[in-house]
Novice: 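My questions all concern the structure below.
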Amino acid sequence: MIKSKLFTVVFDENTGGIEQFLLNADKNQMNFVKKHHSLNKIMLTRRIHGNQPVDMNLIRFEEEADYAKAVWSLDSLEVEANYSFTKEGNIRVSNRFHNMSDVELVLDRGEWGIAMPFADEYPSAKECMTNRCHTHIWCGLSGASYVCCLKMGLEKDNIGLFVTEGGFESYSQEDTKTNDRGWFLVRPDIKVLSPENDYVLTYEIFPCEGKKDFLNQCSNYDNYVGVNARSYSIFEGETLQFAVQWKDKKKVMTSCDTEGLTIKRQAKDDKLIFSCKPEKIGEYKFLVQTGKAKTIAVFQVLPKIEKMVQRRVEYIVEHQQFHKEGSHLDGAYLVYDNEEKRLIHDNEWPDCNASRERVGMGILIAHYLQSHKNDKIYNSLMMYEKFIRREIYDDATGRIFDAALRDETRDRLYNYLWVALFYAELYRLTNDEKYLDDVSKIVQCYYKRGGRNHYPNAVFFTDLLDIFHGKRPKEYEILKGLFLQHASEIIKKGSNYPKHEVNYEQTIVAPAVAIILDAIKYGDKSQTDSYMDELMVQTKRLERFDGVAPHYKLNEVAIRYWDAYWFGKSHVYGDTLPHYWSCLSSANYFRIGKDHHMDNYVRKGKEGLKACLCAFFEDGSASCASVFPYKVNGMKGEFMDAFANDQDFALYYGDRFLHTL
């Protein structure tokens, strides 16, 4: 064990890595290293070892009062790690990579990895608040590679890691599964290792109070190259703009991987502002370099939101509706395999059935038709409504079934309010009051079956209640009373979130924010201040899921890591960044900003909503998950899953909140 005024570090003498990493000031004494793992353990993923991560052999480990050293060797490679403290008490880890052969080693991407097994897992909400962390990784090469580990609650005892020499090129995940984000391998930015020139990767770990403090501390390092943009997702015709802040004041150069792009530069205060007018839809990756330090920033250019929605709606009608007279699936909107160009339906795997999140397609189309007259699309929607009423919804009782054939195997409360929202949008489309009957029955059934203790996703109660106001005052008061009882339970629980389909996640916190936000509108005005206080506490907790990096798939995007397994064709766990449910955080931020005149939240909301739109392609097809890491559990990552499944809620909320931009 070595100790400074800030940190206590305990080593595993069998691996040469750090097995305990504690902040001395932390009253909970959280170990930021995942149990049974070692931080900074060096691993190889090479063809000779079957392309699976293997530990390098520890050949020497030594430890003194404030210093430790480990040496590993495997194949013709050797790594020496030196652990020490800075004068401030931060931990400094310096890894020297040495080629022991007589010839250059040309490394395949991802051959070398440094284990970063931070305690990013979800045993229970209570334990997560003080003893688990969200791990935000940015592989920004030699100018801005960092890790920000934030406790999942609102405590100020957090840690940051900044690479002061060398850099991260990418990261992988291992042992990822439901309720456990697994552990990370960061991949050094090294392509050729010659016998005479070692590669050094050095990083420091420091305490931080939150994301703002973390970034401020990163900016103090000499090699820091900071890229900041108001938005990393823009619509066609808009200007792409970002600022660069750097320490050494050497000349800054920037380039883009898209040819023919004219980049303008302007000095402003201590920053350089770069801008351009992209002409094509797609991803734009910029390389920014000053001296030996370089980093990247990644943007996306999107079609106009109106165009995206139109193409998507047309695509659903043309490709994702099942037609067979007499079939239980006749009229259903189904999962679509973009590789095989075929519909998918599986009642045995409920996340690919004809109910659940697929209702988002019906909600999107009903919303679209409110401002676009189209008989073909309208007829398709009415066929879908017949399917829902026949197979999914009992209009006598308000019960919602989990699958076609009115399957009673599972009673999934999430489904109730999605179908209620579908009928609310149908009412707005048609003004037919029979749909008000449907909304009322479904909401009341939801509460009879336990909704008061449930955290529902992807619905604002304003969308369900306001259609009754002034039209059916008696039902309005009944539904409002049920909702306010629900809100009271949510407020009473605070951070003691109950387990739902997983132990703790972003979409358990997001519904709490949404419900309290609506309670401010409908509740007793004498409680507005206390509601507002609780709203901001819940919102700050929700924000800790959000990434902090100059990449449209990470910036203001919530951590999710299991969705491609349950909803995708790839059937792989791992970071899905962005995943469409990130839009729920963003929709909350947008509404908070609009309702309470907080421009920063309006911006955050727009940014996150636009990020999620990368799931929708120019021809109207879509993907349920963007698998972000280089590899996950040994499988190649960095791809869009082939299934169009559950992503249309993101386009629905995008259309509602972004169409005026």
Side-chain angles (χ1 to χ4, degrees), residues 6-12 15 17-23 26 28-43 53 81 83 90-91 93 95 113-123 127-140 145-153 155-163 168 170-177 179-188 201 203-211 214 217-218 503-506 544-549 554 558-562 573-575 577 628-633:
L6 297 177
F7 291 107
T8 298
V9 181
V10 179
F11 295 95
D12 182 343
T15 66
I18 297 170
E19 68 175 4
Q20 289 188 50
F21 187 90
L22 300 96
L23 273 166
D26 180 9
N28 294 290
Q29 286 296 282
M30 171 182 164
N31 182 10
F32 280 87
V33 180
K34 188 184 289 282
K35 194 174 182 180
H36 306 306
H37 288 80
S38 297
L39 186 144
N40 200 62
K41 184 172 62 174
I42 310 298
M43 308 187 75
Y83 304 94
N90 297 333
I91 296 174
V93 181
N95 295 301
I114 303 173
M116 295 281 174
F118 294 107
D120 196 335
E121 58 193 346
Y122 301 81
E127 192 166 355
C128 285
M129 293 302 103
T130 58
N131 284 281
R132 296 296 186 276
C133 64
H134 299 302
T135 306
H136 299 289
I137 302 174
W138 174 230
C139 299
S145 288
Y146 53 70
V147 183
C148 181
C149 293
L150 301 177
K151 286 191 179 182
M152 297 182 186
E155 296 194 354
K156 295 183 178 181
D157 296 316
N158 311 292
I159 63 168
L161 180 156
F162 187 82
V163 179
F168 302 153
S170 62
Y171 76 92
S172 301
Q173 286 172 275
E174 299 291 336
D175 296 337
T176 310
K177 50 187 176 291
N179 294 315
D180 191 340
R181 203 172 160 208
W183 53 277
F184 307 98
L185 272 174
V186 292
R187 308 290 189 173
L201 190 143
Y203 57 86
E204 288 189 16
I205 302 176
F206 51 86
C208 62
E209 293 188 358
K211 283 184 272 192
F214 166 75
Q217 293 194 59
C218 288
N503 293 342
Y504 179 65
E505 60 167 330
Q506 167 245 352
R544 291 218 165 184
F545 286 91
D546 300 342
V548 49
L554 302 177
I559 291 171
R560 298 188 67 83
Y561 61 90
W562 61 90
Y573 285 102
D575 287 354
L577 301 168
F628 188 84
Y630 169 61
K631 282 188 176 181
V632 178
N633 295 345

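Bear in mind that the values here come from a model prediction, so they are computed numbers and not experimental data.
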Novice: Measuring from atom CZ of Arg132 to atom CE of Met30, what distance do you get when rounded to the nearest 0.5 angstrom?
Specialist: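 Between atom CZ of Arg132 and atom CE of Met30 there are 7.0 Å.
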
Novice: Which atom names give the shortest non-hydrogen contact between Leu201 and Pro188, and what distance separates them?
Specialist: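 Minimum heavy-atom contact is CD1-CB, 4.0 Å.
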
Novice: Could you tell me whether a side-chain N or O of Thr135 sits under 3.5 Å from a main-chain N or O of Cys149, the two making a donor and an acceptor?
Specialist: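 Side chain of Thr135 to backbone of Cys149: no pair is present.
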
Novice: Establish, from distance only, whether the side-chain atoms of Asn95 and Tyr203 form a donor-acceptor pair under 3.5 Å.
Specialist: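 Note: Asn95 and Tyr203 side chains miss the donor-acceptor criterion.
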
Novice: Just so I know, are the side chains of Arg181 and Asp575 near enough to count as touching, which here means a heavy-atom distance under 4.5 Å?
Specialist: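 With C-beta onward as the side chain, the pair touches.
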
Novice: Work out which heavy atom in Leu161 is nearest to a heavy atom in Phe214; give both atom names and the distance.
Specialist: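 Leu161 and Phe214 have their closest heavy atoms at N-CE1, 3.9 Å.
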
Novice: Just by distance, do the side chain of Asn28 and the backbone of Thr130 share a donor-acceptor pair under 3.5 Å?
Specialist: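 No, the answer is negative, given that no donor and acceptor are paired below the 3.5 Å cut-off.
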
Novice: Hey, does the side chain of Lys34 reach the backbone of Pro117 with a donor-acceptor pair shorter than 3.5 angstrom?
Specialist: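 Here the side-chain-to-backbone pair does not exist.
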
Novice: For a side-chain contact (heavy atoms from CB on, under 4.5 Å) check, start with the C-alpha distance between Glu204 and Phe162, then their side-chain angles and the critical distance, and finish with the verdict.
Specialist: CA-CA 6 Å; Glu204 288 189 16; Phe162 187 82; 5.7 Å; no

Novice: Just do the side-chain contact (heavy atoms from CB on, under 4.5 Å) check on Asp175 and Trp183 with the steps written out, would you?
Specialist: CA-CA 7 Å; Asp175 296 337; Trp183 53 277; 2.9 Å; yes

Novice: Answer yes or no: is there a donor N or O on one side and an acceptor on the other, between the side chain of Asn40 and the main chain of Gly17, under 3.5 Å?
Specialist: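 Checking the backbone N and O of Gly17 against the side chain of Asn40, no donor-acceptor pair under 3.5 Å is found.
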
Novice: Show your working on side-chain contact (heavy atoms from CB on, under 4.5 Å) between Ser170 and Phe628 and close with a plain yes or no.
Specialist: CA-CA 10 Å; Ser170 62; Phe628 188 84; over 6 Å; no

Novice: Would you confirm whether the ring centroid of Phe32 sits within less than 6.0 angstrom of the ring centroid of Phe7?
Specialist: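 Ring-ring flag for Phe7/Phe32: false, centres at least 6.0 Å apart.
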
Novice: Is any side-chain heavy atom of Ser172 closer than 4.5 Å to one of Arg187?
Specialist: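 Yes, close enough: below the 4.5 Å cut-off.
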
Novice: Look up atom CG in Asn503 and atom CD in Glu127, then write down how far apart they are to the nearest 0.5 Å.
Specialist: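 With rounding to 0.5 Å, CG (Asn503) is 10.5 Å from CD (Glu127).
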
Novice: Atom CZ in Phe184, atom CE in Met116: separation rounded to 0.5 Å?
Specialist: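 Atom-to-atom, Phe184:CZ and Met116:CE are 11.0 Å apart.
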
Novice: May I ask you to test the Asp120-Met152 pair for a side-chain heavy-atom distance under 4.5 Å?
Specialist: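 When only atoms from C-beta onward are counted, Met152 and Asp120 do touch, with a gap below 4.5 Å.
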
Novice: Considering only heavy atoms from C-beta outward, does the side chain of His134 approach that of His136 to under 4.5 Å?
Specialist: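 Yes, their side chains come closer than 4.5 Å.
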
Novice: I want to check something: taking the side chain as every heavy atom from C-beta on, are Phe168 and Tyr146 in contact at a cut-off of under 4.5 Å?
Specialist: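 SC-SC contact between Phe168 and Tyr146 ruled out.
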
Novice: Distance-only, no hydrogens or angles: does the Asp12 side chain make a donor-acceptor pair with backbone N or O of Glu19 under 3.5 Å?
Specialist: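 No, because the side chain of Asp12 does not come within donor-acceptor range (under 3.5 Å) of the backbone of Glu19.
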
Novice: Please work out whether the ring planes of Tyr561 and Tyr122 are parallel, tilted or perpendicular, with thresholds of 30° and 60°.
Specialist: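 The rings of Tyr561 and Tyr122 lie parallel, inter-plane angle below 30°.
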
Novice: Give the intermediate values and the outcome of side-chain contact (heavy atoms from CB on, under 4.5 Å) for residues Thr8 and Gln29.
Specialist: CA-CA 10 Å; Thr8 298; Gln29 286 296 282; 5.7 Å; no

Novice: Report yes or no: does Lys211 contribute a side-chain atom to a donor-acceptor pair with the main-chain N or O of Gly547 at less than 3.5 Å?
Specialist: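 Side chain of Lys211 to backbone of Gly547: no pair is present.
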
Novice: Any non-hydrogen side-chain atom of Leu6 less than 4.5 Å from a side-chain atom of Asn90?
Specialist: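 Yes; the side chains approach each other to less than 4.5 Å.
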
Novice: Could you tell me the separation between the CG atom of Asn131 and the CG atom of Asp26, rounded to the nearest 0.5 Å?
Specialist: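 Rounded to the nearest 0.5 Å, the CG-CG separation comes to 7.5 Å.
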
Novice: Under 3.5 Å, is there a donor-acceptor pair linking the side chains of Asn633 and Gln173?
Specialist: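 No, no side-chain donor-acceptor pair sits under 3.5 Å.
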
Novice: Do Phe118 and Phe21 have their ring centres less than 6.0 Å from each other?
Specialist: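 No - the distance between ring centres of Phe118 and Phe21 does not fall below the 6.0 Å cut-off.
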
Novice: Is it the case that the side chain of Gln20 and the backbone of Lys35 share a donor-acceptor pair, with hydrogens and angles ignored and the cut-off at 3.5 Å?
Specialist: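 The answer is no, because no donor-acceptor pair under 3.5 Å joins these two groups.
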
Novice: Do Val632 and Tyr630 come within less than 4.5 Å of each other through their side chains, counting heavy atoms only?
Specialist: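 When only atoms from C-beta onward are counted, Tyr630 and Val632 do not touch, as no gap falls below 4.5 Å.
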
Novice: If you compare all heavy atoms of Pro123 against all heavy atoms of Cys128, which two are closest, and at what distance to 0.1 Å?
Specialist: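 Minimum heavy-atom separation between Pro123 and Cys128: CD-SG, 3.8 Å.
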
Novice: Hey, what do you get for NZ (Lys177) to OH (Tyr573), rounding to the nearest 0.5 Å?
Specialist: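 With rounding to 0.5 Å, NZ (Lys177) is 9.0 Å from OH (Tyr573).
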
Novice: I need the Glu155 CD to Glu209 CD distance, nearest 0.5 Å.
Specialist: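 Glu155 atom CD to Glu209 atom CD measures 12.5 Å (nearest 0.5 Å).
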
Novice: Ignoring hydrogens, what is the shortest heavy-atom contact between Lys41 and Thr15? Give both atom names and the distance.
Specialist: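 Smallest heavy-atom distance, with atoms named: CD-CB, 4.1 Å.
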
Novice: Do Pro53 and Leu185 touch side chain to side chain, with heavy atoms closer than 4.5 Å?
Specialist: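 Contact flag for Pro53/Leu185 side chains = yes.
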
Novice: Can you name the closest pair of heavy atoms from Asn158 and Gly210 and give their distance?
Specialist: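 Reported closest heavy-atom pair: ND2-N, 4.1 Å.
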
Novice: Using a 3.5 Å distance criterion without hydrogens, assess whether the side chain of Arg544 forms a donor-acceptor pair with backbone atoms of Lys151.
Specialist: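 Flag set: sc Arg544 to bb Lys151 pair under 3.5 Å.
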
